[in-house]
Student: 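Got a structure for you, questions after.
Indexing begins at 1, ligand by ligand and atom by atom, following the structure's order. Worth knowing before you read on, the calculation uses all heavy atoms, side chains too, and leaves out hydrogens, waters and symmetry mates. What you see is a predicted model; the values in this text were computed from it and never measured.
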Amino acid sequence: KRSGGNQYRFHTMEMNAAFQRHVELEAYLRKALERGEFTLLYQPQVELDGERLIGVEALIRWNCAELGLISPAQFIPVAEQTGLIRSIGHWVLEEACREAKRWEACGGGHVEISVNVSAGQFMQPDFVSRVRSILSSTGLAPQRLCLEITESMVVHNLQATLTMLQELAELGIRIAMDDFGTGYSSLSVIKQLPISTIKIDRSFMGDLTKEDADRSIVPAIISMSTTLGKKVVAEGVETSEQLQLLKRMGCDTAQGYYFSRPLTASALIRYFQYGVEKLDTRTLREDASS
Ligand code: C2E
Ligand code: MG
Ligand code: MG
Ligand code: MG
């Protein structure tokens, strides 16, 4: 009983610490937009047939004046819980579209921009009209925009999600299913949705080179996606061995540290301006660390 009591108290202390951290993050997060503390990095997506850069994923970074660099894995959940995700997500979408429009003048006009969308942002009644107005104010062609959604968004609200995805697809925007394989969406759900791309979660990449049953998950996702006429992107590719296996399995596109870490906007533009047709991974690696 005594140890039970201690455990309870320990648990409470842990919860208090987590709660305080949440309160602290929330307070600073509320000021982050007006203080201009967010930036976007862009991680290349490479077409495996020819190893050309065909797209980039926008990834948010928060450099908080008081707390330093906070990862999105930490603050996106807080933004979700507090509703701040709506204004942060709006900023991300606008910034990413504005930036992608600029690439037309420096050799990156063909590059697709992928933007992560959270559940709380997607579920706003005016989400589709916000997207439409950002496209018209930035002048970005809808065909160059891809929105990344997750399986849990679909599972929790299939009918509403389906309607919105259809409206977005009608505008010409592409939709990708992010982190695929970690959630619970069934084949029949995937088949119903107007999504063009499936991103295989990076947790499966480690299994790829093992002689083990998990190895068959990746080829299974690739063949399912291909059968359904969807493009496949492998996330988190770190080694040439993984890359060779993915190519052999018929994967279209890959993203990961093997090709490049997420780059600053200026490093990406410098890459476009070199005009290198075939991706030079060494150039990108140097850019990433500069
Ligand atoms: P995600 O959308 O699945 O993004 C991919 C994450 O994997 C990124 O982490 C990226 O830096 C990391 N990554 C890429 N290649 C590799 C690799 O080869 N190895 C390893 N170990 N990691 C790799 P990041 O930038 O920390 O973002 C984490 C998550 O936060 C994202 O996962 C996404 O769910 C969320 N996120 C990031 N930016 C935004 C945003 O602007 N809006 C929203 N709503 N969520 C965002
Ligand atoms: Mg993503
Ligand atoms: Mg992902
Ligand atoms: Mg993820």
Student: Donor-acceptor pair, distance only, cut-off 3.5 Å: does the side chain of H90 make one with the backbone of R86?
Tutor: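 No; zero donor-acceptor contacts below 3.5 Å.
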Student: Is ligand 1 under 4.0 Å from a heavy atom in the side chain of R261, in the backbone, in both, or in neither?
Tutor: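 The answer is neither.
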Student: For ligand 1, which atoms, with element, lie under 4.0 Å from some heavy atom of P262?
Tutor: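 Near P262, meaning under 4.0 Å from one of its heavy atoms, ligand 1 has 11 (O).
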Student: Taking atom types as modelled, is there a side-chain donor on S118 or E80 under 3.5 Å from an acceptor on the other?
Tutor: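 Looking only at side-chain atoms, E80 and S118 do form a donor-acceptor pair, the distance falling under 3.5 Å.
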Student: Closer than 2.8 Å to the Mg ion (ligand 2): does that hold for any N, O or S atom in D178?
Tutor: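 Short answer: yes, at least one N, O or S atom is under the cut-off.
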Student: N/O/S of N116 less than 2.8 Å from the Mg ion (ligand 2)?
Tutor: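 N116 does place an N, O or S atom closer than 2.8 Å to the Mg ion (ligand 2).
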Student: Using a strict cut-off of 4.0 Å, indicate which atoms of ligand 1 neighbour a heavy atom of G256.
Tutor: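 Answer, ordered by atom number: 15 (N), 18 (O).
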Student: Indicate, as side chain, backbone, both or neither, the part of K199 found under 4.0 angstrom from ligand 1 when only non-hydrogen atoms are considered.
Tutor: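 No part of K199 comes within reach of ligand 1.
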Student: Backbone, side chain, both or neither: what part of Q255 comes under 4.0 angstrom of ligand 1, heavy atoms only?
Tutor: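 The answer is neither; Q255 stays 4.0 Å or more away.
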Student: I need the single residue from L263, L268, T264 that forms a side chain to side chain contact (heavy atoms under 4.5 Å, CB included) with L41. Which is it?
Tutor: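 By the side chain to side chain contact (heavy atoms under 4.5 Å, CB included) criterion, L41 pairs with just one of L263, L268, T264: T264.
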Student: Closer than 2.8 Å to the Mg ion (ligand 3), do we get an N, O or S atom from D179, backbone or side chain?
Tutor: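 For D179, the answer is yes, given that an N, O or S atom comes within less than 2.8 Å of the Mg ion (ligand 3).
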Student: Are R130 and F127 in a cation-pi contact, defined as NZ or CZ under 6.0 Å from the six-membered ring centre and within 45° of the axis?
Tutor: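 Checked: cation-pi criterion not met.
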Student: Going by the order shown, which atoms of ligand 1 are within less than 4.0 Å of some heavy atom of Q43?
Tutor: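 Going through ligand 1 atom by atom, the ones under 4.0 Å from Q43 are 14 (C), 15 (N).
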Student: Taking distance alone, with N or O pairs closer than 3.5 Å, would you say N116 contacts ligand 1?
Tutor: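 Yes - when backbone and side-chain N and O of N116 are compared with those of ligand 1, one distance drops under 3.5 Å.
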Student: For Q244, I'd like to know if atom CD has over 12 heavy atoms of other residues, nucleotides or ligands within 6.0 Å.
Tutor: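 Yes, because the 6.0 Å sphere around CD of Q244 holds more than 12 heavy atoms from other groups.
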Student: Would you say the side-chain atoms of Q143 and R174 include a donor-acceptor pair closer than 3.5 Å?
Tutor: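 No pair is found: no donor N or O on one side chain lies under 3.5 Å from an acceptor on the other.
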Student: Answer with yes or no whether the hydrophobic clustering places I54 together with I113; edges join I, L, V, M, F, W, Y residues whose side-chain heavy atoms lie under 4.5 Å apart.
Tutor: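 No, it is not one cluster - the side chains of I54 and I113 are not joined through contacts under 4.5 Å.
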Student: Do any of the N/O/S atoms of E57, backbone or side chain, fall under 2.8 Å from the Mg ion (ligand 2)?
Tutor: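 Checking the Mg ion (ligand 2) against E57, an N, O or S atom does fall under 2.8 Å.
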Student: If the cut-off is 4.0 Å to any non-hydrogen atom of E238, which atoms of ligand 1 fall inside it?
Tutor: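 So the atoms of ligand 1 that pass are 17 (C), 18 (O), 19 (N), 20 (C), 21 (N).
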Student: With Q255, which of Q43, R202, E235 fulfils side chain to side chain donor-acceptor pair (under 3.5 Å)?
Tutor: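 Option passing the side chain to side chain donor-acceptor pair (under 3.5 Å) with Q255: Q43.
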Student: Answer with yes or no after comparing the ring centroid distance for W103 and Y42 against a 6.0 Å cut-off, counting only values under it.
Tutor: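 Yes: the rings meet the under 6.0 Å criterion.
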Student: Given D178, I76, I60, which one has a non-hydrogen atom that is nearest to atom 38 (N) of ligand 1?
Tutor: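 Looking at heavy atoms only, I60 sits closest to atom 38 (N) of ligand 1.
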Student: Please work out, at 4.0 Å between heavy atoms, whether the side chain, the backbone, both, or neither of D179 comes within that distance of ligand 1.
Tutor: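 Only the side chain of D179 comes within reach of ligand 1.
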Student: Angle between ring planes, F38 versus W62, binned at 30° and 60°: parallel, tilted or perpendicular?
Tutor: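 Ring orientation, 0 to 90° scale: tilted.
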Student: V92 heavy atoms, cut-off 4.0 Å: which ligand 1 atoms fall inside?
Tutor: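 Close to V92: 41 (O).
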Student: Determine whether the side chain, the backbone, both or neither of R202 has a heavy atom under 4.0 Å from any heavy atom of ligand 1.
Tutor: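 Looking at R202 and ligand 1, just side chain atoms fall under 4.0 Å.
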Student: What is the name of the N/O/S atom of E148 that is nearest to the Mg ion (ligand 2)?
Tutor: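 The Mg ion (ligand 2) is closest to the E148 atom OE1, counting only N, O or S.
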Student: Any Lys/Arg nitrogen of K31 or E26 sitting under 4.0 Å from an Asp/Glu carboxylate oxygen of the other?
Tutor: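 No.
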Student: Suppose I only count heavy atoms of G236 and a 4.0 Å limit; which atoms of ligand 1 are within that range?
Tutor: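 Near G236, the atoms of ligand 1 are 16 (C), 17 (C), 18 (O).
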Student: Which of the numbered atoms in ligand 1 are under 4.0 angstrom from any heavy atom belonging to S118?
Tutor: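 With S118 as reference, the close atoms of ligand 1 come out as 44 (N).
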Student: Are R144 and E112 close enough for a salt bridge, meaning some N to O gap below 4.0 Å?
Tutor: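 A salt bridge is absent here (no side-chain N lies under 4.0 Å from a carboxylate O).
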Student: What N, O or S atom of E235 is found closest to the Mg ion (ligand 3)?
Tutor: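 Minimum-distance N/O/S atom of E235 relative to the Mg ion (ligand 3) is OE2.
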